[in-house]
Structure formats: C-alpha cells, structure tokens
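Keep in mind that the numbers below use all heavy atoms, side chains included, and drop hydrogens, waters and symmetry copies. Labels below follow one simple rule: chain letters A, B, ... track the order of the sequence lines, proteins then strands, and each chain is numbered from 1.
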Amino acid sequence: MPPLDQGLDQGLSWPLRVEVWDAGLRAVRDQLRGFGLREVSTPIRTGEVALEPWIEPLRAGDLLLATSPELAMKRLLARGCGSIFQVAHVFRAAEIGARHSEEFHLIEWYREPGDLPAVIADVEAVVAAVFAAVTAVIDGHAGLAPRTWIRVELLDLMGETLGQQLAGNEDAQAIKPLLRRVRQDHGIGLLAGDEAPPDDPELARLLAWTELFSLWSDHHLDPWLARQPAGVGVHVVGFPASLAALSEAEPDGRKAARFESHVGGIELANGYRELRDAREQRRRFELVAAMRARYGQPRLAMPEAFLAELDRLPPCAGVALGLDRLLALACGCSRLDQVGLAGL
Amino acid sequence: MDVSELKKNSKLEIEGQPWVVTDFQFVKPGKGQGLYKCKIRNMITGAVIDRTWRSGERLETADVESRKFEYLFSTGDTFTFMDNETYEQIEVRTELVSDDSRFLMDNLGVDILFYNQRPVGISLPSHVTMEVSECEPGVKGDTATGATKGATLQTGYELQVPLFIKVGDKLKIDTRTGSYVERVNE
C-alpha cells in the first residue's frame, strides 16, 4: 500500500471530512448528471442479491442488505428508464481492513445504449472531477490525481507474469499446474473443497479460475500496479470467461466484457458490458451456488425477480466505483477510516 | 474459528504448535477470494513467519495462557516455581528453561506460558539485578577504556564486566543478551 498517510494517522478532522464528502458527492453528481444520467435511489433492504463466490450479504430481518445496487438498477433499465446513476450504501459481511469496510458507498451507473469505451471514459472523468473537487478543499496533503491512463489486457499480464500464455477459457485441468505454483508461492494450505475437483467441468473451471485470479492478483498484479509510474491510472481489461460474473461474453468465448480500474495501486472500479441473457445468467448463478455450497457458505436465494426481467435489459454498460476509496486517494490517505464518516 | 474472526494477538494451533498473530492485513481482489496475510510468531520458539489464509478457511485456536510465577528452587532436573496468586507450585524441566537458568534467583518473577495446560515456555523480565559473588579486585578510575574482566554472579553465571566492578556490587543484566548493562547504586 502506498505510504500516503504520513502525519495523517488519525485521519482528517471531522469538519474537513464533511467538506470532503460534500465536495466529492457534488462532483460525482455534477459529472454524471452532466453526461445526461438521472439519479436514482433503490432499496437498501432487498430480497435478492447477485450470487457471487466471495461476497457475503448481511441480514436485515427476513431480508438482506444490498451488496450492490446492480440488480435493482438493471430492473429499472429493463423497464425503460434509460441511463441512470446512484450513490448507494452497500454492505458486505466480514470485509474489514485498511481498504475494506462492511458498509461502504458505490457510485454505480449505467449507460443505455452503451459499451465499455464509454463507461471507461466516464471512470476517468469521475475520478478527475472528484480529485479536483477534493483538492480544492483540503489544501496541502491531497493525493496525486492520475494524469494519464493506460490499458492492460489481464490475460496478457497473467501470461507474462506466470510464464504461460493463457487464452481465458482453459479448463481446470489445464491451469492446475499454475494454480499449484501460485499456492506454493503463497505458502497456503488447501481448503476442504480443494481436495477433490468437482465432477462438473464448468464448476471445476470456475473454482480454478477464481482461485488463480485471487492469488495472482495479490502476488503479481498488485506489485505490478505498484511499479507503475505515479500519476498513471490503469484499466485492466479482458477478463477470463469464467470471471464474467454479470458481464457479457466477448464473441470469441474466451473473454468477458469486463474491466477494472486502478489508481495508485488501489482497485477503484469494476465495469461490464452487461449480460442480457437470463438463461446464461441463471447458469452462472447456479455454478456460483454450487461453489458456495462446496465451501460451506450460506445458501442464497436465486434472484428470480431480477432474472425474470433480464431478457428485457437493453444493450448497456455499467460501472461500480468505490467512493470511499476514491475520496481516500484524493485526500492522500491509504485507509478508509481516515476519511470516512463511519465510526460515529 | 473462521478465518474472518482473525485479529492481532489471535492465538492459533498449527501443526501442534501455538502461534500468535503479530500482524495482519486483509486484501481482496475484485470479486475474488479474500486473503488474510499474517505474520505469526511461534509462542515457544519465537520464530516469525508469513502465513496467508483464504476466506472460508477454518483455524484451530490454541489453548495458551501466560501466568505469573515466582522462582523457588532447583532440584537439579527441575525448577520449581510458585503461582503468585494461588500459591500453587509447579515443576518445570530444566531443558525448558535452558540458558535462562543462569538468571534464576530466589523470588524472581517470571511469566510461564501454558499450552494445553502444560508449561511450554518461560519468559524472564528483560532486565534483572544480580549481585557479584566473585571477581578480581576493582580498579578505580578506569571507566573509559572499555577494558573488561571476568566476574561470577550469585547464580554462578560468569560474564565480562568493567574493571571498576567489585564483589558485592549489584549489576543490571540484560536477560535477552546476557550482558552487563550498568552498576546499580543502592
């Protein structure tokens, strides 16, 4: 983590935090409204969340707290609401650390019609606007705004750092030796679910790619990002097909139309050209449900209401950007609790 | 316990040894598996290693506790200590105390580490004050050259001390290095 917080260990003063949030929220809203998007506010308590391998919702009575506003916003798009954005409170259980908090804010927006280049440009514009707005209110110790952005193909970078070319659609057997190696590099043991690979080759592929990506990110991607010159933002594009989540597959079937944006070595945003095929989405959620069962994670209901409307989703692209992280970066802080309004 | 409950000072049992988490960082790539990157210290040997666990892993907690004791006496094979609060006496094998035995004086306060209710380690205060029982006569005035001579302390421990030290002096000794720190004036 970049040592941006020298002298700021206690974080910003409370009046300054309020100014930072006020400036940041205004900048986000001005920017996205200026692009013609309309602001929405979808329910925080919800009956269904996207099934993701390693994202755990918090419970609120019989309902769940939203882990992301994605499903609700896509249902609005499916009902003809056009391009929209939201600054959403979201909750993810047991994510606690310097850059993680169980409760945080996602700026989430969708362009309809839209594709990845448009929302990637949006990310750059929102980041620039927030840095400019925050720098204006916190004299003296602002973070370094990205002056330029580069794009890197995820699979090329994985291939380069691991010494083995990857197409993105390899089955579990093909990447097993790589996985064994990165596990060794990490000195980690096996989970109960790791011992015997599942019979279903699609599930095996999901398990293998999810783990490979997680360990590789920590061991290779983060150090690679840390070596990039200061002031360079990085869009990592072209995820392997197994990590498509809720994005559309590229026509070659190897990759997903998904990207992540990083600033100062910190992952800020995740975006998709959105999958609009309910059958395919259900298939992916079912695989995730099987994976979660394997690791003994709580069972989550299939998001039927979302799936029932997904086929009517118009062609669109969307992004989720972590506002707390962006404000921390703009303030030159490396921990969310140095700028957040939590802990009151 | 589940790995998500891990925090600094968590005590874990790994391959039959007790470890304590001394540093810990949670990282999580986008939609990937969370990693708990830890530094852990072996509570018996003191060895420090890096260890990473992934979300979903379960860890064994170690049954360890540290209690305060006072040194009473040695039988040759064992050292006997008394619990400060309960007056319970325990015997600890000499191997466990090893080099630390050279600092064991009557009534010295020590922390004894219990693992699964058995003593597995002893930690002394970082400094102790011990009396010189034998040494060559003191040489006045020579405090600057750094020259030293041999001396034997009350427990039989032999070490190098400055030339001005004499029999009966009380010395402050660093128990981590075993070396002389200063003369204590009383």
Determine which residues belonging to residues 34-48 of chain B lie within contact range of chain A, meaning some heavy atom pair is under 4.5 Å apart, and list them by number or answer 'none'. B:Leu35, B:Tyr36, B:Lys37
Point-to-point distance, once rounded to the nearest 0.5 Å, from OH of A:Tyr295 to CD of B:Glu57: 9.5 Å
Proximal component of A:Arg258, with respect to chain B [non-hydrogen, under 4.5 Å]: side chain
Where is the tightest heavy-atom contact between B:Pro29 and A:Phe213, given as atom of each residue plus distance? CB-CE2, 4.2 Å
Checking A:Glu56 against chain B: side chain, backbone, both or neither under 4.5 Å from a heavy atom? neither
Side-chain heavy-atom pair A:Glu260, B:Lys31 within 4.5 angstrom cut-off: no
Most contacts with chain B, counted as non-hydrogen pairs under 4.5 angstrom, among A:Ile55, A:Asp218, A:Thr210: A:Asp218
OG1/B:Thr52 to NE2/A:His219 distance, rounded to the nearest 0.5 angstrom? 9.0 Å
Separation between NZ of B:Lys7 and CD1 of A:Ile96, rounded to the nearest 0.5 Å: 10.0 Å
Within a reach of under 6.0 Å around CD of B:Glu95, are more than 12 heavy atoms found that belong to other residues, nucleotides or ligands? yes
Near A:Arg283 CZ, under 6.0 Å, is it more than 12 heavy atoms from other residues, nucleotides or ligands? yes
Does A:Glu267 pair with B:Lys28 as a salt bridge, N-O distance under 4.0 Å? no
Given that the side chain runs from C-beta out, which part of A:Ala245 has a heavy atom under 4.5 Å from chain B: side chain, backbone, both or neither? side chain
Interatomic spacing from NE2 in A:His100 to CD in B:Gln25 - rounded to 0.5 Å: 10.5 Å
Is it true that, when you exclude B:Glu65 itself, more than 12 heavy atoms of the residues, nucleotides or ligands shown sit nearer than 6.0 Å to its CD? yes
Can you confirm whether B:Lys149 is buried at NZ, in the sense that more than 12 heavy atoms of other residues, nucleotides or ligands lie under 6.0 Å from that atom? yes
